[in-house]
Amino acid sequence: LTSVGTALPGPRGRGRRFSLPDNGYRAGLYAVALLVAALAVWFLVAIVIQAVPAFSTLGFSWIVSKTWNPAHGQFGILPFILGTLETTAIAVVLAVPIGLGTAVALAFLVPARIRPALSTTVELLAAVPSVVYGLWGLIVLAPVFHNTVEPFLTTAFGWTGLFGGPSRGVGLLLAGVILFVMIVPTMVAVSRDVIAVVPTEQVEGAVALGATRWQVLRKVVLPGARTGILGAFTLATGRALGETVAVAMVIGNSPYIAHSLKAPAATVPSLIVNNFGESTGTELSVLIGAGLVLLVIGVLVNSAARWLVWSTGTRSAGLELGR
Amino acid sequence: VTVVLEPPADPTLERRAAIQAAAASSLRRRKVSSSVALGVCWLFLAIAVVPLVAVVYYVLAKGLPAWSTDFFTQPTKPEGVAAGGVWNAIVGTMVITAIAVAVTVPVGLLCGLYLAESDSGVAATLRFTADVMTGIPSITVGIFGYIAIVRNFGYSGYAGAFAIGFIMLPVITRAGETAFRGVPHSLNEAAMALGARKATVARRIVLPTALPGVITGVLLAVARGLGETAPLLLTIFGNQFLQWSPSKPMEALPILIYNDSSQPYADQVQLAWGAALLLMVVVLVLSIGSRLLAAHLQKERR
């Protein structure tokens, strides 16, 4: 086909513009594609090379060691790994039921007239920059937590031992809650898309058998969308793990393992962003190494999420939302 | 002998009767549990919506009073000096985003075009790479920008544009691929039958036809790039003075919000709210605009 195309006389006169021959066009596209691939390889290689000194001088024990004191050559990042896992856990535990319930309400309960508007609003909120959520958390929510929420939780649930120490506002709990607010739109948008894929015939069949709306949801819709919902959950987890500034603004940034949900803590991303500018030598390499650990976990979690959502046969727009 | 003609037992009817009996016997219980469960869903909807609405409300209520002529025309002033603005941050964000867009849009779209036209192993690998790149934690992109640019050339707007571009590139690539794949094959074939070269087909047929999708993807990528904070913190350093040159350290709106939010001075916190409002408005306008534009172009074509 190409040889026929080039053998025919081209258009003449005005409007005739230079056009690359087909092999040149193909080679050009291929070159651009290789450029993008090279960029990705450069990214990985650069980070690995810079992280190597941390592993070669300190081994691997610093990843699970719990003392962070760079001035004395102690680079344990366990407190930050725990902080990352704890804030993510708080956010996900809140976001999964609430996000799922919201998705169900948006898909089945809300009147059809306001459904598109409400769905779009939730999706748009996923686009709000994380630093804005951080600002809101620090200035508006932290005082509320300090004066109301944390004293209440201490009185009501102090016996669990989770709420020891003074109420400060900033800390693990606030960071987890801010993350929850940030990942809910992702959770809702992806869940709603995978719920919509459940065949209408199955829903109608259940209704015809006399099932109530809740029975239809629990026995037909949710099981049918199980894989996709797991994907939404995984994606939200990935977002929470990698979030930097919003968490750094409200977590209090303390390099010790928190023994209370009210205590200040730090996460791997907040450690990096707070210390990167001033560090050199081994400390810088350790920070980059911590970034590498985060990168590996983040990429694994995100790839798993995509695979789960795609395996339901939908390319949810929610996948491209936010960070 | 009288023969009583019993109607033959219809298995369907029997089954229906059994189902109706079973359904009726538990109907009340099931109805109650259904309303309770659905009520919980409504409650969760409310819990999810309230903080989101609260964020928007507070940013509007605290940000609008910060907006003034000085806010948009003056650079940041030292603590305690009145009439400071965020002009330096606006300039930094504009310059950095413009450079990132100028580089990543052509590269990303050409890469998307390659992916749309090829199903080879190379293309599959690249597609996977682009997907993995969208999931990279943004702080590690900042580390990359630091290693690749800052180490060699110092903190600069270019380093920030490099990091932001790295985040935008896979989004544009994948959005471009999806849009280009949506172009009907018959159009391509018709153009090639008329003797057009592939490059001509791409420029005159594929790109114009796929434009709504391309514009949506680019605007969404820009919206995402505008709000990225962590990569900028490691690459442009921040600058309280007005700086137009991207080869020098620059200020940007997200950095200003991040730094000013923890300041003890009410003036600076107010600037942070004003900047947050500006950033939120721009991002939302881009997101909503991309949807409207795509819908409009789609309708016009029909």
Side-chain angles (χ1 to χ4, degrees), chain A residues 1 5 8 10 19-22 25 29-30 32-33 36-37 40 43 46-47 50 97-99 101-102 104-105 109 124-125 127-129 131-133 135-136 138-140 181 184 188 209-210 212-215 238 242 244-245 249 269 272-273 276 288 291 294-295 298-299 302-303 306 320 323, chain B residues 19 23 30-31 33-34 37-38 40-42 44-45 47-48 51-52 55 58-59 107 110-111 113-114 126 129 131-133 135-140 143-144 147-148 169 171 173 192 195-200 220 223 227 229-230 233-234 254 257-258 261 269 272 276 279-280 283-284 287-288:
Chain A
L1 203 107
L8 288 168
S19 184
L20 277 175
D22 282 0
Y25 168 77
L29 283 192
Y30 194 66
V32 173
V36 173
F43 169 82
I47 290 186
Q50 297 296 323
I98 291 173
T102 307
V104 165
L109 306 182
L124 285 176
L125 286 164
V128 171
V131 69
V132 175
Y133 285 107
L135 177 70
W136 179 75
L138 181 62
I139 311 279
V140 179
V181 175
V184 149
V188 171
L209 287 174
T212 59
R213 287 166 96 189
W214 172 242
Q215 283 181 312
T244 309
V245 284
M249 288 162 94
I272 297 173
V273 82
F276 206 83
I288 296 174
L294 187 74
L295 175 69
V299 164
N302 260 292
S303 306
R306 271 157 207 284
E320 315 306 333
R323 288 125 281 280
Chain B
I19 290 171
R30 290 186 300 126
K31 273 194 167 166
S33 64
S34 181
L38 296 184
V40 170
C41 285
W42 278 110
F44 283 174
L45 175 69
I47 295 178
L52 296 172
V55 171
Y58 272 99
V59 172
V107 172
L110 286 174
C111 192
L113 195 57
Y114 172 77
L126 190 60
T129 310
D131 282 333
V132 168
M133 277 167 81
I136 288 174
S138 62
I139 184 78
T140 56
I143 295 179
F144 177 46
I147 296 170
L169 188 60
V171 181
T173 299
M192 283 200 278
R197 284 171 164 173
K198 285 199 162 204
T200 313
L220 286 180
T229 316
L233 283 168
L234 303 195
I257 300 170
Y258 181 76
S261 64
V269 175
L279 201 57
M280 195 176 81
V283 166
L284 290 185
S287 304
I288 298 170

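Every chain is numbered from 1, with letters handed out A, B, ... down the list of sequences.
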Closest approach of B:I257 and A:M249, non-hydrogen atoms and distance? O-CE, 4.3 Å
Ranked by heavy-atom pairs below 4.5 Å to chain B, first place among A:L109, A:V36, A:V32 goes to A:L109
Assess whether atom OH of A:Y25 is packed by more than 12 heavy atoms of other residues, nucleotides or ligands within 6.0 Å. yes
In terms of the angle between their ring planes, are A:F43 and B:F144 parallel, tilted or perpendicular, with boundaries placed at 30° and 60°? perpendicular
Toward chain A, the part of B:L169 with a non-hydrogen atom under 4.5 Å: side chain
Can you tell which part of B:T129 gets under 4.5 Å to a heavy atom of chain A, answering side chain, backbone, both or neither? side chain
Apply the test side-chain contact (heavy atoms from CB on, under 4.5 Å) to residues B:I143 and A:I272: give CA-CA distance (whole Å), side-chain angles for both, the deciding distance (0.1 Å), then the verdict. CA-CA 9 Å; B:I143 295 179; A:I272 297 173; 4.0 Å; yes
Rounded to the nearest 0.5 Å, the CD1 atom of A:I98 sits from the CD1 atom of B:I47 at a distance of 4.5 Å
In terms of heavy-atom pairs under 4.5 Å with chain A, which of B:I139, B:T173, B:V132 leads? B:I139
Measuring heavy-atom distances to chain A, does B:V40 have an atom under 4.5 Å in its side chain, in its backbone, in both, or in neither? neither
For A:W214 and B:A37, which heavy atoms make the closest approach, and how far apart are they? CD2-CB, 3.1 Å
With a 4.5 Å limit on heavy-atom distance, are the side chains of A:Y133 and B:V59 in contact? no
Supply the atom-to-atom distance B:L113 CG to A:L29 CG, rounded to the nearest 0.5 angstrom. 5.0 Å
Roughly how far, to the nearest 0.5 Å, is the CG atom of A:L135 from the CE atom of B:M280? 11.0 Å
Checking the side chain of B:T140 only, and the main-chain atoms of A:L295 only, is there a donor and an acceptor separated by less than 3.5 Å? no
Which one wins on heavy-atom pair count under 4.5 Å against chain A: B:G135, B:S34, B:P137? B:S34
Any donor-acceptor pair under 3.5 Å linking the side chain of B:R30 with the backbone of A:G210? yes
Locate the shortest heavy-atom distance separating B:I147 from A:I47; write the atom from each residue and the value. CD1-CA, 4.1 Å
Please classify the contact between B:L234 and chain A as side chain, backbone, both or neither, with a heavy-atom cut-off of under 4.5 Å. side chain
What heavy-atom pair brings A:V245 and B:A230 nearest, and what distance separates the two atoms? CG1-N, 3.9 Å
To the nearest 0.5 Å, what is the distance between CG on A:L294 and CD1 on B:I136? 11.0 Å
A:V104, part contacting chain B, at a heavy-atom distance under 4.5 Å: side chain
So which part of B:L110 gets closer than 4.5 Å to some heavy atom of chain A, the side chain, the backbone, both or neither? both
List the steps and the verdict of side-chain contact (heavy atoms from CB on, under 4.5 Å) for A:S303 and B:D131. CA-CA 8 Å; A:S303 306; B:D131 282 333; over 6 Å; no
Top contributor to chain A contacts, counting heavy-atom pairs under 4.5 Å, from B:L233, B:L38, B:L220: B:L38
When every non-hydrogen atom of A:I139 is compared with those of B:S261, the smallest separation belongs to CD1-O, 3.7 Å
Most contacts with chain A, counted as non-hydrogen pairs under 4.5 angstrom, among B:C111, B:A199, B:A272: B:A199
Taking every non-hydrogen pair under 4.5 Å, which of A:G291, A:G242, A:G101 racks up the most with chain B? A:G101
What pair of heavy atoms forms the shortest contact from B:Y258 to A:V131, and how long is it? N-CG2, 3.9 Å
How long is the straight-line distance from NZ of B:K31 back to OG1 of A:T212, given to the nearest 0.5 Å? 9.5 Å
For the backbone of B:R197 and the side chain of A:D22, can you confirm whether one donor and one acceptor N or O come within less than 3.5 Å of each other? no
Is it the backbone or the side chain of B:V55 that comes under 4.5 Å from a heavy atom of chain A, or both, or neither? both
Considering only heavy atoms, which portion of B:I288 lies under 4.5 Å from any heavy atom of chain A: side chain, backbone, both, or neither? both
